[in-house]
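Note: hydrogens, waters and symmetry copies are ignored here, and every other heavy atom, side chains too, is used.
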Amino acid sequence: MDTKTVSRILKYYRKLNHLSVKEVAEQFRQSKHPIAKKTIYGWESGQTQPSADNFIFLCNLYQINNLSEAIETCTQANTLVIPTDLERSLLISYRKHPEYQAAIHKLLELDSNLK
């Protein structure tokens, strides 16, 4: 995985989880492995990459359960969109109820050919 992809994933998922860099650094400190905020900024800007252990820690902290999906999410989007809690809830409900999706597409005037 290239540096740019790693940096986008880390920044996207930190923000998705509503965590500040300071809070992430505090989580590292509590795990008895202190990391400076400057180091986290370096990872997120692509100047450096975290070690494998630090990357795994961040994946756990950010609730990244499927790295392939995380990579796809971050590489497909030209602009990172951080959904609100309500938007995430709506998406989950939408996916749970395929029987309503056609009506939702019509109501919102969405192209029903989009997948």
Side-chain angles (χ1 to χ4, degrees):
M1 193 169 9
D2 66 17
T3 304
K4 183 178 178 182
T5 302
V6 171
S7 65
R8 289 185 71 165
I9 289 170
L10 295 178
K11 189 171 188 174
Y12 176 83
Y13 281 93
R14 176 180 58 78
K15 289 183 175 188
L16 184 67
N17 285 279
H18 308 288
L19 293 168
S20 67
V21 170
K22 182 179 179 180
E23 290 168 324
V24 173
E26 178 60 23
Q27 290 292 324
F28 272 103
R29 189 191 66 72
Q30 288 179 7
S31 75
K32 308 291 188 228
H33 187 71
I35 297 288
K37 290 187 301 184
K38 182 178 178 180
T39 301
I40 297 166
Y41 283 119
W43 296 338
E44 290 186 1
S45 67
Q47 293 174 351
T48 61
Q49 282 196 358
S51 68
D53 288 340
N54 288 339
F55 188 71
I56 290 169
F57 180 87
L58 290 167
C59 286
N60 289 328
L61 178 64
Y62 298 161
Q63 302 170 34
I64 299 172
N65 300 317
N66 184 329
L67 191 54
S68 295
E69 187 178 290
I71 293 168
E72 185 177 331
T73 298
C74 289
T75 55
Q76 284 185 349
N78 290 333
T79 304
L80 296 177
V81 176
I82 310 295
T84 65
D85 290 340
L86 174 61
E87 290 167 333
R88 290 180 79 190
S89 178
L90 288 168
L91 178 59
I92 291 166
S93 293
Y94 174 83
R95 289 180 176 172
K96 284 183 182 177
H97 298 283
E99 67 274 17
Y100 298 132
Q101 291 176 5
I104 292 168
H105 287 208
K106 187 170 183 159
L107 177 69
L108 298 177
E109 299 177 353
L110 297 174
D111 182 355
S112 59
N113 295 320
L114 294 176
K115 298 281 181 182

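Looking at Ser89, its side chain never comes within 3.5 Å of a backbone N or O of Asp85 through a donor-acceptor pair. In this structure a side-chain-to-backbone donor-acceptor pair under 3.5 Å is present from Ser31 to Phe28.
Taking Ser51 as the reference, Asn54 meet the side chain to side chain donor-acceptor pair (under 3.5 Å) condition, with sequence neighbours excluded. With sequence neighbours excluded, the residues forming a ring pair (Phe, Tyr, Trp, His ring centres under 6.0 Å) with Tyr100 are His97, listed by chain and number. Every side chain to side chain donor-acceptor pair (under 3.5 Å) that Glu23 has, sequence neighbours left out, goes to Ser20. With sequence neighbours left out, the side chain to side chain donor-acceptor pair (under 3.5 Å) criterion links Gln49 to Thr3.
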How far apart are the C-alpha atoms of Gln63 and Tyr13, what are their side-chain angles, what is the distance that settles it, and do they pass the side-chain contact (heavy atoms from CB on, under 4.5 Å) test?
CA-CA 8 Å; Gln63 302 170 34; Tyr13 281 93; over 6 Å; no

Evaluation steps, side-chain contact (heavy atoms from CB on, under 4.5 Å), between Trp43 and Thr48 | CA-CA 5 Å; Trp43 296 338; Thr48 61; 3.2 Å; yes

### Task
Decide yes or no on side-chain contact (heavy atoms from CB on, under 4.5 Å) for Leu19 and Leu61, but give the supporting numbers first.
CA-CA 10 Å; Leu19 293 168; Leu61 178 64; 4.1 Å; yes

I'd like to know whether Ile35 forms a side-chain contact (heavy atoms from CB on, under 4.5 Å) with His33, so could you lay out the CA-CA distance, the side-chain angles of the two residues, the decisive distance to 0.1 Å, and finally the verdict. CA-CA 7 Å; Ile35 297 288; His33 187 71; 3.9 Å; yes

List, one per line, each side-chain donor-acceptor pair under 3.5 Å for residues 64-71, sequence neighbours excluded.
| unit_1 | atom_1 | unit_2 | atom_2 | d |
| --- | --- | --- | --- | --- |
| Asn66 | OD1 | Ser68 | N | 3.1 |
| Asn66 | OD1 | Glu69 | N | 3.0 |

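For residues 38-62, the salt bridge (Lys or Arg N to Asp or Glu O under 4.0 Å) pairs, not counting sequence neighbours, are Arg14-Glu44.
Considering only heavy atoms from C-beta on, Tyr62 comes within 4.5 Å of Leu10 through its side chain.
Residues Leu108 and Tyr94 share a single hydrophobic cluster, defined by chaining ILVMFWY side chains whose heavy atoms lie under 4.5 Å apart. Under the 4.5 Å side-chain heavy-atom criterion for ILVMFWY residues, a single connected hydrophobic cluster contains both Leu16 and Tyr41.
The two atoms that bring Lys96 and Glu99 nearest to each other are O-OE1, 4.5 Å, heavy atoms only.
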